[in-house]
There are 2 protein chains.
Amino acid sequence: MTRASSRRPGPPTRTERGIPEATVARLPVYLRALTALSDNGIATASSEDLATAAGVNSAKLRKDLSYLGSYGTRGVGYDVEYLRYQIAREIGVTQDWAVVIVGIGNLGHALANYSGFGTRGFRIVALLDADPKLVGERIGDMEVRDFAELEDIVERDRVSIGVITTPAGPAQEVCDRLVAAGVTSILNFAPVVLSVPDGVDIRKVDLSIELQILAYHEQRKSGEAALPQVPELPAMNGLSDLPSVGGGVGA
Amino acid sequence: MTRASSRRPGPPTRTERGIPEATVARLPVYLRALTALSDNGIATASSEDLATAAGVNSAKLRKDLSYLGSYGTRGVGYDVEYLRYQIAREIGVTQDWAVVIVGIGNLGHALANYSGFGTRGFRIVALLDADPKLVGERIGDMEVRDFAELEDIVERDRVSIGVITTPAGPAQEVCDRLVAAGVTSILNFAPVVLSVPDGVDIRKVDLSIELQILAYHEQRKSGEAALPQVPELPAMNGLSDLPSVGGGVGA
DNA sequence: TAGATTGTTAATCGATTAACAATC
DNA sequence: TAGATTGTTAATCGATTAACAATC
């Protein structure tokens with residue numbers, strides 16, 4: 001969330017279009033919950049219903065929704081379709097955003113094939129890789145194109161979002177090229193801290209960080225109730241001869 | 001972060017092993033930064049150096065490290081190797097955690113092949129899928145095994161962490177099975193809110209949510225400086241006949 | 001000793017939550 | 001009107017940040 005913050009002082013008024021970051025991060029969760037309710041033919045839902053579906057408490061949900069406006073009816077609840085549309089509009093997924101994926105290794109492949117690319121709202125316009133061996137390969141109904149075409153594609157298709165699925169090494173360079181080409185939002189899967197200029201948003205998805213956070217809590221559980229995960233058998237701990245899962249992401 | 005909170009009142013004393021969640025989430029980032037410095041042969045680093053490498057400000061970094069103890073030297077900085085070990089120990093990655101991956105579709109495949117599985121600290125002990133067509137398939141040096149073997153594997157290998165890479169549909173059922181088998185930490189890639197009992201930690205990685213958060217900010221940029229991403233050509237907006245990237249994750 | 005840098009304090013900011021008045 | 005549920009207030013909690021005394 002490297003966002004150039006340009007906020008005036010004073011309390012955030014609703015009309016000032018200043019929705020707290022924590023709320024913004026939950027809007028997509030509410031959107032998904034509403035879509036699920038809608039698919040189940042449910043026309044109206046209380047904040048309690050919605051909160052349950054979204055996995056938050058109802059006070060938080062009501063507070064979050066209050067930043068968007070007053071879309072509920074006291075004593076009744078929320079109209080599922082109406083609220084869904086309002087949230088989709090607020091997030092900006094009533095229009096389609098053009099996306100490029102750079103780095104067609106295992107992960108890039110997986111993302112390229114990922115059907116529910118955000119329940120619409122996004123459109124992959126190109127899969128790019130610098131490796132000539134990959135260029136031309138078909139994935140689903142797309143073809144991998146040369147990374148050198150980036151600038152043309154970004155301009156032609158008005159691409160504003162780039163997804164980086166390269167290894168750590170080339171990620172910063174790829175990032176710089178994306179930014180120079182005009183991309184202003186980046187989703188980074190490479191395990192590096194990328195630096196971008198003000199005005200460019202960057203978000204990071206990092207498997208090993210997530211696992212490490214789980215490990216931290218896991219370590220502290222062992223004593224409490226369940227059995228420890230640290231094996232009592234000395235030979236098993238850390239010295240495993242199981243291979244460390246080779247491969248490499250390979251862009 | 002559905003963690004059974006069992007905190008006594010009062011300010012968090014350093015010795016009370018109560019590191020703030022926000023700090024815990026950054027420790028892996030510091031660990032990675034230290035590893036990079038170490039790989040570059042740097043033996044000592046100031047909080048400023050480290051903060052730059054980790055992409056945070058130095059005040060935050062020092063505050064974070066202060067929860068672990070006093071591992072720096074005033075006027076000098078931090079010994080890279082020493083601090084790296086201390087953080088690794090605090091996180092719990094000086095030991096190996098056994099991990100199972102459930103759902104060997106595109107994403108499961110990608111994760112199974114992912115080499116740097118957290119710069120060590122984790123060991124994939126099984127790839128599981130309920131689809132008989134997948135069972136037996138080799139991925140790297142592992143073989144996909146039947147999901148029915150879950151309980152045996154968890155017990156035998158003392159698995160505490162499960163990664164769910166199934167589609168949304170079966171995810172809750174898979175989750176329940178993991179929990180019943182004794183898994184107490186779950187990393188969920190399926191686009192659903194999973195419910196777990198107290199004492200089980202769950203973290204979620206969600207591509208489409210990340211993209212939607214970017215879209216929200218992107219939408220609000222358009223007016224400001226750069227060109228709008230909403231095409232001026234009416235025919236291009238939302239009505240694209242480009243296929244919505246079909247496929248399905250398929251467990 | 002002078003310069004550098006940590007570890008900690010205290011102020012500030014933002015997020016969460018419970019409670020309830022407004023109102024359907 | 002009585003019951004239900006929203007939208008908002010206010011209290012609380014946790015996270016960030018700047019500043020600086022401690023100390024190498």
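Hydrogens, waters and symmetry mates play no part in the numbers below; they use all other heavy atoms, side chains included. The model shown is predicted, which means the values in this text are computed figures rather than measured ones. In what follows, every chain begins at residue 1, and chains take the letters A, B, ... in the order their sequences are listed.
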Item to check | A:Glu90 (side chain) donor-acceptor with A:Leu68 (main chain) under 3.5 angstrom | outcome: no
Checklist entry - Is B:Thr165 reaching over with its side chain to a backbone N or O of B:Val102, donor-acceptor style, under 3.5 angstrom? => result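 Side chain of B:Thr165 to backbone of B:Val102, a donor-acceptor pair under 3.5 Å: yes, one is there.
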Checklist entry - Which part of the nucleic acid, if any, lies within reach of B:Ala22 when heavy atoms closer than 4.0 Å are counted: base, sugar-phosphate only, or nothing? => result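 The answer is sugar-phosphate, as B:Ala22 gets under 4.0 Å only of primed atoms, P, OP1 or OP2.
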Next on the checklist: Could you walk me through whether B:Tyr71 and B:Tyr82 satisfy the ring pair (Phe, Tyr, Trp, His ring centres under 6.0 Å) test, starting with their C-alpha distance in whole Å, then the side-chain angles of each, then the deciding distance to 0.1 Å, before giving a yes or no?
Outcome noted: CA-CA 8 Å; B:Tyr71 296 134; B:Tyr82 181 62; 5.6 Å; yes
Rounded interatomic separation in angstrom, taking [atom1] from [X] and [atom2] from [N]:
X	N	atom1	atom2	answer
B:Tyr82	C:dT6	OH	C1'	15 Å
A:Arg62	C:dA21	CZ	P	15 Å
B:Tyr67	C:dT9	OH	P	11 Å
B:Leu65	C:dT6	CG	C1'	10 Å
B:Leu61	D:dA18	CG	P	14 Å
A:Asp79	D:dT6	CG	P	13 Å
B:Tyr71	D:dC24	OH	P	17 Å
B:Lys63	C:dT5	NZ	C1'	18 Å

Item to check | Which nucleotides of DNA chain C pair, in dot-bracket form (Watson-Crick or G-U under 3.5 Å, | meaning another strand) | outcome: ..||||||||||||||||||||||
Next on the checklist: Which residues in residues 40-55 of chain B have a heavy atom closer than 4.0 Å to any atom of DNA chain C?
Outcome noted: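 Output list: B:Ser46, B:Ser47.
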Return the set of residues passing side chain to side chain donor-acceptor pair (under 3.5 Å) with [X] (not counting sequence neighbours), or none when no residue passes.
X	value
B:Ser38	B:Glu81
B:Asp64	B:Thr23, B:Arg26, B:Tyr30
B:Asp206	A:Arg32, B:Lys204, B:Ser208

Which listed nucleotide ([options]) is nearest to the side chain of [X]?
X	options	value
B:Ser66	D:dT17, C:dG7, C:dT17	C:dG7
A:Ser70	C:dG7, C:dA15, D:dG7	D:dG7
A:Lys60	C:dT17, D:dT16, D:dA18	C:dT17

State which residues pass side chain to side chain contact (heavy atoms under 4.5 Å, CB included) with [X]; sequence neighbours excluded, sorted by chain then number.
X	answer
A:Ser58	A:Ser47, A:Glu48, A:Ala51, A:Arg62
A:Tyr85	A:Arg89, A:Thr94
A:Ala25	B:Ile213
B:Asn57	B:Ala59, B:Lys60

Item to check | Residue pairs fulfilling salt bridge (Lys or Arg N to Asp or Glu O under 4.0 Å) with at least one residue in residues 176-195 of chain A, sequence neighbours excluded | outcome: A:Glu151-A:Arg177
Item to check | Pairs meeting criterion salt bridge (Lys or Arg N to Asp or Glu O under 4.0 Å) with involvement of residues 179-193 of chain A, two or more places apart | outcome: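 Non-adjacent pairs meeting salt bridge (Lys or Arg N to Asp or Glu O under 4.0 Å): zero.
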Item to check | N/O (side chain, A:Tyr78) to phosphate O (OP1/OP2, D:dG7) under 4.0 Å | outcome: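 Result: yes.
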Give me, pair by pair, the N or O atoms of the protein and of nucleotides 1-3 of chain C that are less than 3.5 Å apart, along with how far apart they are.
none

Checklist entry - Closer to the 5' end of DNA chain C via nearest nucleotide, is it A:Val76 or A:Asn57? => result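 Of the two residues, A:Asn57 wins.
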